[in-house]
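The model shown is predicted, which means the values in this text are computed figures rather than measured ones.
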Amino acid sequence: MSPDHPPGLDLDRLGALLDRERPGLVNGPLSGRLIEGGRSNLTYAVSDGTAKWVVRRPPLGHVLATAHDMRREHRVISALHATPVPVPRTVLLCEDEEVLGAPFYVMEFVEGTPYRTADQLAPLGPERTRRAVLALVDTLVDLHAVDPGEVGLADFGRPEGFLDRQLRRWGKQLDASRNRELAGIDELHAALGRELPRSPAPAVVHGDYRLDNVLIASAEGGTDSIRAVLDWEMSTLGDPLTDLGLLVMYGMPLGTPDSPVSTTAEAPGHPSPAELIERYAARSGRDVSGVAWYTAFAWFKLAVILEGIHYRYTLGQTVGPGFDRIGDLVPVFIEHGLTTLREGLRKG
């Protein structure tokens with residue numbers, strides 16, 4: 001780790017806070033580094049030379065506190081720690097912006113690997129890849145089996161009208177990024193609205209559940225387990241099948257080689273969408289007959305997110321490799337969404 005202070009992380013102030021609030025925890029000067037890969041909130045690894053922790057805070061220059069709510073993340077992780085859902089142990093929440101310039105929380109550092117692409121999964125081989133992805137499904141079942149009231153999360157969200165609000169929210173996001181014609185996007189949005197399913201009983205929903213938001217243990221003896229589920233910034237109480245739909249979407253090949261946005265579906269041994277759905281249904285006992293709608297909604301949501309990135313790129317607000325190709329992907333996601341909604345999810 002670099003001994004320098006990464007932007008947004010004042011190690012002297014952090015150390016003083018930990019000494020005051022958790023005396024005896026830190027045994028030496030702190031060093032820190034920014035962990036790459038976060039989509040929104042910033043994540044740092046911090047060490048005193050012996051032990052390690054993780055600090056999560058909003059992006060630098062954040063404006064909307066509700067979009068980067070550290071209290072919510074800290075609350076849900078703390079609540080889930082006593083359940084079968086693997087999450088890091090929280091250390092403290094600090095809402096005093098004088099320390100780091102924004103609210104933040106500290107949690108334990110968990111060893112493990114996030115797999116973001118099929119190429120990263122490939123060295124595991126087909127059998128280990130299959131086990132890891134099926135473990136992802138099993139952990140999702142465990143999450144959705146948690147009784148929110150029993151872990152103090154009964155008021156963590158507003159489940160009533162959840163899907164309608166989600167659809168309206170992403171429709172507004174789309175309108176905010178409109179600067180070109182996108183064939184089929186309004187058709188997909190309208191069709192999702194016409195076929196809005198009746199939600200099952202609400203559950204704790206992760207909101208961005210996929211393989212690269214979990215840490216997989218380095219296997220000894222060929223067993224790969226999920227050490228921790230991360231990135232809870234979009235979690236709430238809502239329709240659990242939205243998590244399943246997103247997971248299934250990421251388990252479907254895009255069919256676009258060298259895409260700047262990838263799924264892990266092309267990795268040898270990766271279970272098919274039908275296997276993911278059947279595994280979830282068998283272990284949860286939930287009715288998944290309407291999962292095609294949730295998967296089509298996931299395609300729509302990602303299309304809107306990508307169009308927003310493309311829009312910012314055209315304004316010169318987003319730079320870096322691959323951003324110039326994001327715009328070409330949006331029609332692919334729209335077509336997948338329309339096909340999924342029209343034909344459902346075919347077996348295999």
Side-chain angles (χ1 to χ4, degrees), residues 39 118 137 140 162-199 205-213 234 238-257 259-266 270-277 280 288-313 322 325-348:
R39 298 292 183 91
V137 178
L140 185 61
F162 177 76
L163 292 182
D164 181 60
R165 286 198 309 276
Q166 284 281 302
L167 201 54
R168 284 189 281 112
R169 170 192 173 187
W170 290 104
K172 289 179 181 177
Q173 289 284 100
L174 173 63
D175 290 339
S177 302
R178 283 188 189 270
N179 72 335
R180 60 174 179 163
E181 289 296 320
L182 282 174
I185 189 75
D186 292 315
E187 177 189 347
L188 177 56
H189 187 223
L192 287 165
R194 287 194 304 271
E195 301 179 27
L196 204 70
R198 181 185 297 274
S199 291
V205 172
H206 182 275
D208 196 17
Y209 194 78
R210 49 201 168 90
L211 195 61
D212 64 330
N213 275 340
M234 298 179 73
D239 189 325
L241 296 183
T242 54
D243 278 342
L244 178 62
L246 188 70
L247 185 59
V248 170
M249 189 218 76
Y250 277 110
M252 299 174 73
L254 279 177
T256 53
S259 165
V261 176
S262 62
T263 70
T264 56
E266 292 88 351
H270 195 290
S272 69
E275 289 179 282
L276 300 179
I277 295 165
Y280 181 90
V288 298
S289 58
V291 73
W293 185 96
Y294 294 90
T295 308
F297 173 66
W299 285 115
F300 171 74
K301 184 168 76 169
L302 266 291
V304 173
I305 290 171
L306 294 177
E307 185 63 12
I309 295 171
H310 170 70
Y311 177 59
R312 290 191 294 276
Y313 172 77
R325 293 178 286 142
I326 290 288
D328 295 334
L329 271 183
V330 178
V332 176
F333 277 68
I334 295 169
E335 185 56 39
H336 275 295
L338 286 167
T339 302
T340 300
L341 203 56
R342 191 162 50 234
E343 302 178 9
L345 291 166
R346 290 165 291 194
K347 299 290 184 181

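- In this structure, Asp208 CG and Lys301 NZ are separated by 6.5 Å, a value rounded to the nearest 0.5 Å.
- A distance of 15.5 Å separates OH of Tyr209 from CE of Met234, quoted to the nearest 0.5 Å.
- The side chain to side chain contact (heavy atoms under 4.5 Å, CB included) check on Thr264 picks up Leu121, Leu211, His270, with sequence neighbours excluded.
- Here the CD atom belonging to Glu195 is positioned 10.0 Å from the CH2 atom belonging to Trp293, to the nearest 0.5 angstrom.
- Annotation: salt bridge (Lys or Arg N to Asp or Glu O under 4.0 Å) contacts of Arg178 (sequence neighbours excluded): Asp175, Asp186.
- Gly327 and Pro331 get closest at one heavy-atom pair: O-CD, 3.4 Å.
- The heavy-atom pair separating Ser177 from Gly308 by the smallest distance is OG-CA, 3.4 Å.
- Contact between Gly337 and Ala296 at its shortest, heavy atoms only, is O-CB, 3.5 Å.
- No side-chain heavy atom of Leu341 sits under 4.5 Å from any side-chain heavy atom of Phe297.
- Under the side chain to side chain contact (heavy atoms under 4.5 Å, CB included) criterion, Arg180 pairs with Leu182, Glu307, His310, Val330, not counting sequence neighbours.
- For His336, the ring-ring contact (aromatic ring centres under 6.0 Å, His included) partners are Trp299, not counting sequence neighbours.
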Let me have the donor-acceptor pairs involving side chains of residues 241-249, under 3.5 Å, with sequence neighbours excluded, atom names and distances please.
| from | atom 1 | to | atom 2 | distance (Å) |
| --- | --- | --- | --- | --- |
| Thr242 | OG1 | Asp239 | O | 2.6 |
| Asp243 | OD1 | Gly207 | N | 3.0 |
| Asp243 | OD2 | His144 | NE2 | 3.0 |
| Asp243 | OD2 | His206 | N | 2.9 |

side-chain contact (heavy atoms from CB on, under 4.5 Å), that's the test. Do Val304 and Phe333 meet it? Break it down for me. CA-CA 9 Å; Val304 173; Phe333 277 68; over 6 Å; no
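- The heavy-atom pair separating Tyr311 from Ala176 by the smallest distance is CE2-O, 3.8 Å.
- Note that CG of Leu163 and OH of Tyr294 are 5.0 Å apart. Values are rounded to the nearest 0.5 Å.
- In this structure, a donor-acceptor pair under 3.5 Å is present between the side chains of Glu335 and Thr339.
- Of all heavy-atom pairs spanning Leu276 and Gly251, the tightest one is CD1-CA, 4.4 Å.
- Just one residue in the list Asp328, Ile334, Ile326 forms a side-chain contact (heavy atoms from CB on, under 4.5 Å) with Leu306, and that residue is Ile326.
- Heavy-atom minimum distance, Leu192 versus Leu167: C-CD2, 3.7 Å.
- Taking the ring-ring contact (aromatic ring centres under 6.0 Å, His included) definition, one finds that His189 meets it with Phe300, sequence neighbours left out.
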